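Sharing a structure with you now.
Values reported hereafter were calculated over all heavy atoms of this structure, with side chains retained and with hydrogens, waters and symmetry mates removed. Computed from a prediction, not measured in an experiment: that's the story for all the values here. Letters A, B, ... mirror the listed sequences (proteins, then strands); counts begin at 1.
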Protein chains: 2
Amino acid sequence: MTTSLSPEDRLRAAGQRITSQRLLLLRLLDASDGHLDAESLFHAAQQEMPEINLSTIYRNLEVLTRAGLVAQRYFARDHSREYFELATTAEHYHFTCTQCGKIIEFETPLIAQVRSDLKRQHNVNIRHACICFEGLCPDCIPQSQP
Amino acid sequence: MTTSLSPEDRLRAAGQRITSQRLLLLRLLDASDGHLDAESLFHAAQQEMPEINLSTIYRNLEVLTRAGLVAQRYFARDHSREYFELATTAEHYHFTCTQCGKIIEFETPLIAQVRSDLKRQHNVNIRHACICFEGLCPDCIPQSQP
DNA sequence: TCCTTTTTGCGAATGATTTGCAAATATCGG
DNA sequence: CCGATATTTGCAAATCATTCGCAAAAAGGA
């Protein structure tokens with residue numbers, strides 16, 4: 001596990017230069033629930049670093065993602081916007097409520113099983129999976145009785 | 001099953017107007033492997049209907065999707081482009097080869113199980129799942145021995 | 001510290017998808 | 001079959017998240 005490394009050391013271990021912008025991004029992602037898009041990260045970052053630029057956010061999200069420190073996700077059906085979370089958390093999947101926008105994280109061994117089934121049946125080498133669910137959360141499901 | 005209905009009847013049943021553009025789109029999707037984006041459909045459509053406009057393609061893909069006749073998909077990691085297929089086929093998922101672009105379709109009961117598990121554990125009502133895998137297909141996996 | 005490479009801020013570009021609008025077309029009641 | 005009404009189409013321009021080019025600034029190694 002590399003989870004205990006400091007942001008600096010994680011960058012170093014990944015062979016990436018340590019910049020204040022990258023450390024800030026990692027800190028913001030760590031402090032949040034991890035479901036932030038570039039724009040939100042930009043606004044949050046500006047609080048501490050007013051001169052930071054949106055392109056810097058985008059560029060570093062890509063760097064951090066390729067370095068394996070950050071994971072890029074899509075939520076719900078609209079994939080026109082990318083979201084990011086730290087890659088340090090355990091493998092999990094996301095359900096998004098289309099009504100209230102709440103994101104419910106869950107784990108399941110079934111996706112891993114889909115992967116191995118796919119690998120066995122079709123002899124493919126899976127490198128990446130994009131998986132997300134949407135629907136209504138308990139709070140937004142219309143109840144028959146009060 | 002509504003699979004046996006003609007395109008006209010499927011549009012009618014869905015309460016949508018029957019236009020030559022919509023019929024053409026349904027025909028093109030039916031004739032293809034179903035993994036086409038708006039631009040490809042546009043080019044194909046122009047063969048038969050030179051005056052058709054790209055916005056018409058986009059608008060009708062949305063109409064047909066909301067009417068349940070067409071399903072919108074994402075393939076591989078790049079979700080900047082949407083693809084479409086007829087919604088008449090059985091529930092299935094896609095694996096995309098990042099090398100040659102080939103798409104392998106597969107079925108699995110495990111996703112349905114994820115749905116019911118999720119419903120049971122978190123009491124959520126899944127309306128839609130977006131699932132896609134990418135990697136190397138058998139033809140593109142480097143072999144150790146010839 | 002000096003040099004080389006990488007990163008940053010800035011502004012402009014990209015590219016898929018959307019939208020406003022007036023003309024054309026589909027549906028429906030008679 | 002015909003005309004009124006609602007919808008759809010073609011066209012051109014707009015959106016909007018993301019990317020890119022470039023010169024100045026910062027990082028890492030000798």
Mark yes or no for whether His79(A), through its side chain, and Ala76(A), through its backbone, hold a donor-acceptor pair below 3.5 Å.
->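 Yes.
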
Separation of Leu23(B) atom CG from dA26(C) atom P, in whole Å?
-> 10 Å

Contact string for nucleotides 18-30 of chain D, one letter per nucleotide 5' to 3', B = base within protein heavy-atom range under 4.0 Å, S = sugar-phosphate only, - = neither, reads BBBB-----BS--

Could you verify whether a donor N or O on one side chain and an acceptor N or O on the other, from His35(A) and Glu105(A), lie under 3.5 Å apart?
-> yes

Heavy-atom pair of closest approach, residues Arg22(A) and Asn60(A) =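 So the two residues come closest at NE-OD1, 2.8 Å.
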
Return the value, rounded to whole Å, for the distance between atom CZ of Phe42(B) and atom P of dT18(C).
-> 16 Å

Salt-bridged, Arg73(B) to Glu85(B), with N to O below 4.0 Å?
-> yes

How long is the line joining CZ of Phe75(A) and P of dA17(D), in whole Å?
-> 17 Å

Atom CD1 of Ile52(B) and atom P of dT25(C): how far apart are they, to the nearest Å?
-> 13 Å

Could you tell me the separation between the NE2 atom of His79(A) and the C1' atom of dC16(D), rounded to a whole number of Å?
->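 Computing the His79(A):NE2 to dC16(D):C1' distance gives 18 Å.
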
Rounded to the nearest angstrom, tell me the gap between atom CZ in Arg22(B) and atom C1' in dT8(D).
->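 Rounded to whole Å, this separation is 7 Å.
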
Partners of Phe133(B) by ring pair (Phe, Tyr, Trp, His ring centres under 6.0 Å), sequence neighbours excluded?
->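 Listed in chain order: Phe106(B).
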
Is a salt bridge present between Arg12(B) and Glu8(B), judged by a nitrogen-to-oxygen distance below 4.0 Å?
-> no

Nearest-angstrom distance from the residue atom CD of Gln21(B) to C1' of dA24(C) | 10 Å

Is there a path from Phe95(B) to Tyr83(B) through hydrophobic residues (I, L, V, M, F, W, Y) whose side chains come within less than 4.5 Å of each other?
-> no

Could you state the atom-to-atom distance from CE of Met49(B) to P of dT8(D) in whole Å?
-> 15 Å

Within residues 66-74 of chain B, find the residues that approach DNA chain D with a heavy atom at under 4.0 Å, and present them sorted by residue number.
-> none

Is the gap between the ring centers of His94(B) and Phe75(B) under 6.0 Å?
->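 So the answer is yes for these two rings.
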
If two hydrophobic side chains count as joined below 4.5 Å and joins carry through other members, does Leu86(B) share a cluster with Ile57(B)?
->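 Yes.
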
